Amino acid sequence: QVQLVESGGELVRPGDSLKLSCAASGRSFSPDFMAWFRQAPGKEREFVSGINWSGGHTFYRDSVKGRFSISRDIAKNMMYLQMNGLKPEDTARYFCAGVNTMFGDYYDPRKYAYWGQGTQVTVSS
């Protein structure tokens, strides 16, 4: 029984920065891999960034490389997504997700066992 709760999403202007947080709870929380996904209306849920929980190795989709940075605090069961230089194309609902065992295909949302409810990020002038 793992619960993930995202926070930090809001309306911002192009070029602004925003930091999202994901708080995890539950005695069974023991992830191998955690990730951020996003979904805009009418579009499929897409991988944004992921992190190996113990080792800290990170992954990013090409469109956010150099702008976004994923991190985690193992002791606090927290994950973050620092987003800089936001663009209108980044507008979406952002979800955190996790899985206890990841054998690859981290970009596939079907691989994840638990999800948060999402937090809305809107980038508009």
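From a predicted model like this one, the values you see are computed outputs, not experimental measurements. If you read the sequence from its start, that first residue is 1, and numbering goes on from there.
From C96, atom SG reaches atom CZ of R72 across 15.0 Å, with rounding to the nearest 0.5 Å. Taken to the nearest 0.5 Å, the OG atom of S28 stands 7.0 Å off from the CG atom of N100. Rounding to the nearest 0.5 Å gives a distance of 4.5 Å between CD of Q3 and OG of S25. Separating the CD atom in E10 from the CG atom in D16 is a distance of 8.5 Å, to the nearest 0.5 Å. Atom CD of E6 sits about 5.5 Å away from atom SG of C22, to the nearest 0.5 Å.
Between S124 and P88, the closest side-chain pair of non-hydrogen atoms is not below 4.5 Å. Considering only heavy atoms from C-beta on, S7 stays 4.5 Å or farther from T119 through its side chain. Proximity of Q82 to F68: side-chain heavy atoms (C-beta onward) are nowhere separated by under 4.5 Å. In this structure, the side chains of L4 and M34 come closer than 4.5 Å at one or more pairs of heavy atoms. At least one side-chain heavy atom of K87 sits less than 4.5 Å from a side-chain heavy atom of R67.
Under the 3.5 Å distance criterion, the side-chain polar atoms of R93 are left unmatched by any main-chain donor or acceptor of P41. No side-chain donor-acceptor contact under 3.5 Å links S21 to the backbone of Y80.
Under 4.0 Å is where a charged nitrogen must lie from a carboxylate oxygen, and between K111 and D108 no such pair does.
Contact record, Y114 with P31: OH-CB, 3.5 Å, taken as the closest heavy-atom pair. Across all their heavy atoms, S49 and L81 have their closest contact at CB-CD1, 4.2 Å. Closest of all the heavy-atom pairs between V99 and A113 is CB-N, 4.1 Å. Closest approach of A40 and A92 over heavy atoms only: N-CB, 3.9 Å. Between S17 and G85, the closest heavy-atom pair is OG-N, 4.2 Å.
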Checklist entry - Can you list the steps and then say if D105 with Y107 is a side chain to side chain donor-acceptor pair (under 3.5 Å)? => result CA-CA 5 Å; D105 296 339; Y107 47 83; 2.8 Å; yes

Problem - T101 and D32: CA distance, side-chain angles, deciding distance, side chain to side chain donor-acceptor pair (under 3.5 Å) verdict - result: CA-CA 5 Å; T101 304; D32 174 54; 6.0 Å; no

Quiz prompt | Test side-chain contact (heavy atoms from CB on, under 4.5 Å) applied to Q39 and E46, step by step | solution = CA-CA 6 Å; Q39 187 168 29; E46 65 181 17; over 6 Å; no

Practice prompt. Would you check, one step at a time, whether the test salt bridge (charged side-chain N to carboxylate O under 4.0 Å, His left out) holds for R38 with D90?
Written response: CA-CA 9 Å; R38 66 187 181 189; D90 297 317; 3.0 Å; yes

- When you look at V121 and L18, which way does the side-chain contact (heavy atoms from CB on, under 4.5 Å) test go after all the steps? CA-CA 9 Å; V121 173; L18 201 57; 4.1 Å; yes

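Ring pair F47/Y106: centre-to-centre distance below 6.0 Å. Here the two rings, on F37 and F95, have centers that are 6.0 Å apart or farther. Annotation: F59 is in aromatic contact with F33 [ring centroid separation under 6.0 Å].
Tracing side-chain contacts under 4.5 Å through hydrophobic residues (I, L, V, M, F, W, Y), one reaches I70 starting from V64; they form part of the same cluster. Under a hydrophobic clustering in which Ile, Leu, Val, Met, Phe, Trp and Tyr are joined whenever their side-chain heavy atoms come within less than 4.5 Å, directly or via other members, V123 and L20 fall into the same cluster. Connection of Y60 to M79 is established within a shared hydrophobic cluster, with ILVMFWY side chains joined at heavy-atom distances below 4.5 Å, either directly or through further cluster members. Put simply, W115 and M102 are part of the same group of oily side chains (I, L, V, M, F, W, Y) that touch within less than 4.5 Å, one to the next. F29 and I74 end up in the same hydrophobic cluster when Ile, Leu, Val, Met, Phe, Trp and Tyr side chains are linked at under 4.5 Å.
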